[in-house]
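Below is one structure, written out as structure tokens; the observations come after it.
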Amino acid sequence: QVQLVESGGRLVQAGDSLRLSCVVTGLPFSGYNMGWFRRAPGKEREFVASIPWLGGGTKYGDSVKGRFLINRDNGQNTVYLQMLNLKPEDTAAYYCAATNRGMGGDDEALYEYWGQGTQVTVSS
């Protein structure tokens, strides 16, 4: 059974940092591209960041470039999202996703497996 379990979301203040984790089981993690997406209340799901199975070639959504960093630890079957200088507009449920199609990227339709999400709330 494939499981993606996110953790690390919580209430923080603007300017704070936070690291999200996503542990993957039931897949050969090192062969999967990983992505982070988010959905704010009343909005569509938005691409945040992705990292290919090789580990290089990371991509970021325009709204998080320079503030967020995605990385992965294949030995721990975990992908991370380090978030710096958080803003109220970063408030959303954050989801990790996995795909072995191509190199992943920002197209959510490519992703086959999804976690349940972790809530990040940034107060002003």
Side-chain angles (χ1 to χ4, degrees):
Q1 181 180 1
V2 177
Q3 285 192 314
L4 285 70
V5 180
E6 304 95 335
S7 63
R10 61 183 177 91
L11 173 64
V12 297
Q13 293 187 334
D16 284 353
S17 299
L18 200 60
R19 189 177 78 161
L20 305 183
S21 302
C22 173
V23 178
V24 180
T25 56
L27 288 175
F29 179 76
S30 61
Y32 273 72
N33 311 300
M34 298 300 298
W36 284 97
F37 294 79
R38 68 186 183 186
R39 176 177 282 148
K43 295 186 178 181
E44 294 189 352
R45 191 156 51 190
E46 174 190 18
F47 169 72
V48 175
S50 66
I51 183 167
W53 66 276
L54 286 173
T58 54
K59 294 184 179 180
Y60 296 92
D62 288 341
S63 61
V64 306
K65 281 180 182 176
R67 298 189 299 121
F68 289 14
L69 176 67
I70 186 172
N71 58 9
R72 62 190 296 159
D73 183 340
N74 288 344
Q76 297 295 321
N77 287 7
T78 302
V79 61
Y80 302 98
L81 184 69
Q82 180 69 52
M83 304 184 291
L84 306 177
N85 189 23
L86 283 161
K87 304 175 180 181
E89 50 264 42
D90 294 319
T91 294
Y94 283 73
Y95 301 88
C96 70
T99 181
N100 64 356
R101 299 169 182 167
M103 299 299 284
D106 59 1
D107 184 356
E108 64 177 78
L110 290 177
Y111 289 85
E112 304 155 88
Y113 303 101
W114 292 82
Q116 293 299 306
T118 186
Q119 179 66 37
V120 174
T121 303
V122 185
S123 65
S124 58

Say whether [X] and [Y] are linked into one hydrophobic cluster, either directly or through other cluster members, by side-chain heavy-atom distances under 4.5 angstrom.
X     : Y      : result
Trp53 : Leu81  : no
Ile51 : Trp114 : no
Leu11 : Leu84  : no
Tyr95 : Phe68  : no
Val79 : Leu54  : no

Would a 4.5 Å heavy-atom cut-off, applied to side chains only, mark [X] and [Y] as touching?
X     : Y     : result
Tyr80 : Asp73 : yes
Val24 : Tyr32 : no
Val64 : Arg38 : yes

[X] side chain to [Y] backbone, donor-acceptor under 3.5 Å:
X      : Y      : answer
Tyr113 : Cys96  : no
Glu6   : Leu20  : no
Ser50  : Gly104 : no
Arg10  : Leu18  : no
Arg72  : Pro52  : yes
Tyr60  : Ile70  : yes

Would you call the rings of Phe37 and Phe47 parallel, tilted or perpendicular, where under 30° means parallel and over 60° means perpendicular?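 Correct class here is perpendicular.
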How far does [atom1] of [X] sit from [atom2] of [Y], to the nearest 0.5 angstrom?
X      : Y      : atom1 : atom2 : answer
Met83  : Leu69  : CE    : CG    : 12.0 Å
Tyr94  : Ser7   : OH    : OG    : 15.0 Å
Tyr111 : Met34  : OH    : CE    : 8.5 Å
Arg39  : Gln119 : CZ    : CD    : 12.0 Å

Give me the atom names and distance for the closest heavy-atom approach of Ala40 to Thr91.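 In this case the closest contact between Ala40 and Thr91 is CB-O, 3.6 Å.
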Please name the pair of heavy atoms, one in Asn85 and one in Ser17, separated by the smallest distance, quoted to 0.1 Å.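 Distance-wise, the nearest heavy atoms are N-OG, 4.2 Å.
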side-chain hydrogen bond (donor to acceptor under 3.5 Å, both in side chains) between Gln13 and Ser123: does it pass, once the steps are laid out? CA-CA 5 Å; Gln13 293 187 334; Ser123 65; 4.9 Å; no
Count the heavy atoms belonging to other residues, nucleotides or ligands that lie under 6.0 Å from CD of Gln116, then report whether that count exceeds 12.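 No, because the 6.0 Å sphere around CD of Gln116 holds 12 heavy atoms or fewer from other groups.
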NZ/NE/NH1/NH2 to OD/OE distance under 4.0 Å, Lys87 and Asp90: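 Salt bridge between Lys87 and Asp90, a charged N being under 4.0 Å from a carboxylate O: no.
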